[in-house]
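Everything on this sheet refers to the single structure shown next.
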Amino acid sequence: MVIAPHTIEPMISAQDIAARVAQLATEITTYFHDTRGLVVVGLLRGSFIFVADLVRALDLPIEIDFLEASSYGDMTNSNRNVRILKDLRGDIAGRDVLIVEDIVDTGFTLNHVLALLRTRSPNRLEVCALLDKPARREVDITAKWTGFTIPDAFVVGYGIDFAQANRNLPYIGQVRFVP
Ligand code: IMP
């Protein structure tokens, strides 16, 4: 695939991300303090770095599972036909579950995943999203915990890609297309 010429402008620094992840972990630890074991469900692929940092800051007994839902392809528009490409390995019936998402954009992906996981009768089912783009929301949905609310911009880094590139940037940057 040919990627249109673009530059990446820093938006959220690695230091600011780390500080926010620590705060989120404290809040999540308090909320689930009485859990017998929290199942942290990372939505692949964009959340993999966030999940890795967040779980190391949680002071709770946890398990990790992953789910992959299709949304974007390689374009900057959402595909509303959300499909499950990789399902959970474990049974979540009666379990406390935390879905960890990179970005809530239109909300279609999260809405679909929440509806699916609710059918499996978890005990508590909550969402932590690193980024929220409320300006683009089409489904009325919000994560219980959000790292940063950002404007309508296409971002990369800290696990988040543009056509599979730039996931390894340690910060969040805004993609700017060069005319
Ligand atoms: P939604 O279904 O529109 O909420 O889309 C959510 C998914 O779209 C996220 O999990 C990301 O994978 C992807 N996405 C949304 N915004 C961006 C962005 O700015 N950069 C890269 N991926 C994005």
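All residue numbers refer to positions in the sequence shown, counting from 1. Each ligand, and each atom within it, is numbered from 1 in the order the structure gives.
Under a 4.0 Å criterion applied to the non-hydrogen atoms of Ile160, ligand 1 contributes the atoms 20 (N), 21 (C), 22 (N). For ligand 1, the atoms closer than 4.0 angstrom to any heavy atom of Thr109 are 1 (P), 2 (O), 5 (O), 6 (C). Every atom of ligand 1 is numbered from 1 in the order shown, and the set under 4.0 Å from a heavy atom of Ala153 is 19 (O).
Put simply, the side chain of Ile172 does not reach to within 4.5 Å of the side chain of Asp16, judged on heavy atoms. Residues Leu54 and Ile28 meet the side-chain proximity criterion, which asks for heavy atoms closer than 4.5 Å.
Salt-bridge check for Asp65 with Arg89: failed, with every basic side-chain N at 4.0 Å or more from each acidic carboxylate O. In summary, Arg45 and Asp102 do not engage in a salt bridge, as defined by a charged side-chain N under 4.0 Å from a carboxylate O. Of the charged side-chain nitrogens involved, at least one lies within less than 4.0 Å of a carboxylate oxygen, so that Arg124 and Asp34 count as a salt-bridged pair.
Between Tyr31 and Trp145, the ring planes are perpendicular. Angles over 60° get that label, and only those under 30° would be called parallel.
When non-hydrogen atoms are compared, ligand 1 lies under 4.0 Å from neither the backbone nor the side chain of Arg136. Contacts of Asp105 with ligand 1, taken as heavy-atom pairs under 4.0 Å, involve both backbone and side chain. Residue-level proximity to ligand 1 for Ser47 is absent, since no heavy atom of it falls below 4.0 angstrom. If you look at Thr106 next to ligand 1, the close heavy atoms, those under 4.0 Å, come from the backbone and the side chain alike. In Asp161, the part holding a heavy atom less than 4.0 Å from any atom of ligand 1 is the backbone.
Considering CZ of Arg137 and CG of Asp105, their distance stands at 8.0 Å, rounded to 0.5 Å.
Considering both main-chain and side-chain atoms, Val155 comes within under 3.5 Å of ligand 1 through a nitrogen or oxygen pair. Checked by distance only, ligand 1 and Gly107 come closer than 3.5 Å through their nitrogen or oxygen atoms.
Minimum heavy-atom separation, Phe50 to Cys128: CZ-SG, 3.7 Å.
Considering Arg137, Glu101, Lys133, Glu138 only, the shortest heavy-atom separation from atom 16 (N) of ligand 1 involves Lys133.
For Leu110, the heavy-atom gap to ligand 1 stays at 4.0 angstrom or more.
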